[in-house]
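Data block below; observations after.
Below, chains carry the letters A, B, ... as their sequence lines are ordered, and counting in each starts from 1. Atom set for the values below is all heavy atoms of this structure, side chains included, hydrogens, waters and symmetry mates excluded.
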There are 2 protein chains.
Amino acid sequence: MNVTGHTRRPASIRDVATAVGVSYQTVSRVINGHPSVKQSTRERVLAAIDELGFRRNATALALASGRSRAVTVLTANTTHYGYASILQGVEEAARAASYAVGIGVLESAEEAAVAAEVRRAADAGGGLIVIAYDPAGVGALAAVPAELPVVGVVETPATPPGGDRPWVWTDDREAAHAVTRHLLSLGHETVHYVAIPSSTRRTSARTTGWRQALQEAGAPEPRPLQGNWGPAGGHRAGRRLAQDPSVTAILCGNDDLALGVLRALHENGRSVPGDVSVAGFDDAPHSAYLTPSLTTARLDFTGLGRAAFALLHGVLEQSAPIAPHGVSVPELVVRESSGPPPARV
Amino acid sequence: MNVTGHTRRPASIRDVATAVGVSYQTVSRVINGHPSVKQSTRERVLAAIDELGFRRNATALALASGRSRAVTVLTANTTHYGYASILQGVEEAARAASYAVGIGVLESAEEAAVAAEVRRAADAGGGLIVIAYDPAGVGALAAVPAELPVVGVVETPATPPGGDRPWVWTDDREAAHAVTRHLLSLGHETVHYVAIPSSTRRTSARTTGWRQALQEAGAPEPRPLQGNWGPAGGHRAGRRLAQDPSVTAILCGNDDLALGVLRALHENGRSVPGDVSVAGFDDAPHSAYLTPSLTTARLDFTGLGRAAFALLHGVLEQSAPIAPHGVSVPELVVRESSGPPPARV
DNA sequence: GACATGAATGTGACCGGTCACACAAGGCGT
DNA sequence: ACGCCTTGTGTGACCGGTCACATTCATGTC
């Protein structure tokens, strides 16, 4: 009912207080649900809040209380399917808990740049979620000062790394293992691997799972090819593999790589799955619609993001139950791109 | 040189001030580059800042000054290529200007939900960038109170809509026009269109560009098919079009739809580009690696995001030059999926 | 009837900055 | 020698909340 029309700066608790004729503290008590406020007072305050369109100022709240109800997601990229889905999952869970979500992109993996980005994120206040699938992310996670609440989204840790900090992950090792087993079970002598860049110096979880499956089957263990994250890297690797007639099955570190590999095989006249079987990782939205459609391991990135937030939420508010960060089980999705090897000549 | 080891709460300007033996205001002047500080004093203050690891508290700054150096991006989705790229562009430009970036996802287009999300974003302080390519985004843009600084990323406006607010856009109409012309120039009698959902009731800019090109060529104007955003919608539409032998060229509202269309054509035994030409929109990263690779109109989403930020930055700080929001010119990328129509029977 | 107890409310300081203003010292014109 | 402007610095209030404590009044208890 603001008759004057021009709503100047938003109402503060003191505005509400004077409107009702109580002290600002009483208003504070009402908005915080403090019990010892007389019912009639509470109602008048609530009415005034409604009337004046009062909204609690998040900035002031953060400054005064120290708690900021915010998370910042630090990531090397926002466009890749996996990264974007994790972000979406975090946002979803954060929204449900009325937390604000910030993002920071790690454009370079260079140490100083990463450190600067971590500082910026820290300045925003609140907690941190670091996607540490790549060197930049791993560096960022390492650069987070100990006193800052942080959750890392990491590859399957060989041994729970650090041990003193919370992480979430999908069981990439198991997923790679399952896909490799699937290919071997079709009769392939061995499975070649085009790797995504490892997040650390050590071999990635996906590589480990693949290697394990080969060893268990007593299959020869070809040297993994290094791809990068995008289809271009897959294409390069695929061109190499297409030259080698002994290659009948290729596992790719993600669906984008697989796309590049498919293309390279096609360009070199090798049919999929007739001559070569190809499998990917992630089950990106387009993978089901490729020709041939792509066999892949589906990973629940959105769920991973939600789990990361839940964990962080637990750290930030001791009250919030520390949800078990349910390592979601990857699901093998068999499609057209995998089949039995060609009959021996 | 904090010998005690445990760094308690971060240093404030008063800590720095007492360390140097000046008033907090002097410290404030130094960090704000105020000219009237004696050189020697400035140096001592800077040394202390360095020594104590002082960083200016963003929350306090926002509260005291009213300016928050933050933008929130409101979007219906973070995983689609276009949306994600815009976000990446915004983040890039924001980082360069040391602004923080927040995101809010519009999960539903329902009015109350959208309004709630807008309020949440407003609470975060700072400016707003709304991606209004879909009903949820358009609703959000409309729900932003007039006093809030906001930039909309919109489809090509038929007439500069509203007129009183800043927008950025790509020339979708021109892009659709160019791709359609390309297909017609190959000899196709007409071009069918699988549309993305329009952001408003009115027909989208892409539809308009397509229609214009047909009219200019005197080509028959088939009814556009309604897809949605993903490949599944394209697949449905493609199945319908595959039945009709007169269809020889299909323009799709984005690359994901085109992927679904390609798949549907393949399933129905129609070859691309032998029987049917297909073109998309956006030039997503995987489009070049499809088989056949996809003819498409490349749009500079990252640049669009940067432009959106630049515009908002100009609104927030009168000092910042209002960069011309350079309507980037879409680029026709001709690949394998388009070719001449099959010879008449 | 005096006193401890608890419910309901108010007061002042504080979070970490900024802003508007006051004030001291030095240089310069007259 | 006086006023005045410029340079360098300090003081107090304020942004909009929270927190710790003080205060008032109505009860129940002995």
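- In this structure, B/Trp229 has its ring center under 6.0 Å from that of B/Tyr83.
- Atom CG of B/Asn32 is separated from atom P of C/dG16 by 17 Å (rounded to the nearest Å).
- At the heavy-atom level, A/Ser36 lies under 4.0 Å from base atoms of the strands shown.
- Put simply, the side chain of A/Thr302 never gets that close to the backbone of A/Gly89: no donor and acceptor are under 3.5 Å apart.
- Not one N or O on the side chain of B/Thr59 forms a donor-acceptor pair closer than 3.5 Å with the backbone of A/Thr59.
- Whole-Å rounding puts the B/Lys38 NZ to C/dA24 P distance at 17 Å.
- The phosphate of C/dG16 has neither OP1 nor OP2 within less than 4.0 Å of any side-chain N or O from B/Ser12.
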Review item, side-chain donor-acceptor pairs of residues 25-32 of chain A, under 3.5 Å, at least two apart:
residue	atom	partner	partner atom	Å
A/Ser28	OG	A/Asn32	ND2	3.4
A/Asn32	OD1	A/Arg56	NH2	2.8
A/Asn32	ND2	A/Ser28	O	2.8

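- B/Arg69 contributes a side-chain N or O that, together with a main-chain N or O of B/Ala97, makes up a donor-acceptor pair within less than 3.5 Å.
- Residue A/Val22 is the one, among A/Leu63 and A/Val22, whose nearest nucleotide of DNA chain C lies closer to the 5' end (criterion: closest heavy atom).
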Could you check B/Val153 against B/Tyr133 for side chain to side chain contact (heavy atoms under 4.5 Å, CB included), going step by step and ending with a plain yes or no? CA-CA 7 Å; B/Val153 181; B/Tyr133 281 168; 3.7 Å; yes
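- At whole-Å resolution of the value, CZ in B/Arg14 and P in D/dT11 are 12 Å apart.
- We find that CD1 of A/Ile49 is positioned 16 Å from P of D/dG16, with the value rounded to whole Å.
- In this structure, the nucleotide among D/dT18, C/dG16, C/dT18 sitting nearest to the side chain of B/Asn57 is C/dG16.
- At the heavy-atom level, A/Ile13 lies under 4.0 Å from base atoms of the strands shown.
- A straight line from OH of B/Tyr24 to C1' of D/dT9 spans 12 Å, rounded to a whole angstrom.
- Using a 4.0 Å heavy-atom distance criterion, B/Thr41 is classed as a sugar-phosphate-only contact.
- The distance between atom CZ of A/Arg56 and atom P of D/dT18, rounded to the nearest whole Å, is 5 Å.
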How far apart are the C-alpha atoms of A/Glu317 and A/Arg67, what are their side-chain angles, what is the distance that settles it, and do they pass the salt bridge (charged side-chain N to carboxylate O under 4.0 Å, His left out) test? CA-CA 9 Å; A/Glu317 306 181 22; A/Arg67 297 158 248 155; over 6 Å; no
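- Note on A/Arg67: only backbone sugar-phosphate atoms sit closer than 4.0 angstrom, heavy atoms only; bases stay farther off.
- Comparing C/dT9, D/dG17, C/dG17 by their nearest atom to the side chain of A/Phe54 picks out D/dG17.
- At the heavy-atom level, B/Arg55 lies under 4.0 Å from the strands shown only through sugar-phosphate atoms.
- Computed from coordinates, the A/Gln25 CD to C/dA8 C1' distance equals 12 Å when rounded to whole Å.
- Side chain of A/Glu117 to main chain of A/Leu106: no donor-acceptor pair is present (N/O by atom type, distance under 3.5 Å, no hydrogens or angles).
- For a distance-only test at 3.5 Å, the side chain of B/Arg29 fails to qualify as a donor-acceptor partner of the base of D/dG8.
- Between A/Ser28 and D/dG17, a side-chain N or O to OP1/OP2 separation shorter than 4.0 Å is absent.
- For the pair A/His34 NE2 and D/dA20 C1', the computed distance is 12 Å after rounding to whole Å.
- Between the two ends of the helix from C/dG1-D/dC30 to C/dT30-D/dA1, each summarised by a five-pair axis, the helix axis turns through 50° (rounded to 10 degrees).
- Checking the phosphate oxygens (OP1, OP2) of C/dG10, a side-chain nitrogen or oxygen of A/Thr26 falls inside 4.0 Å.
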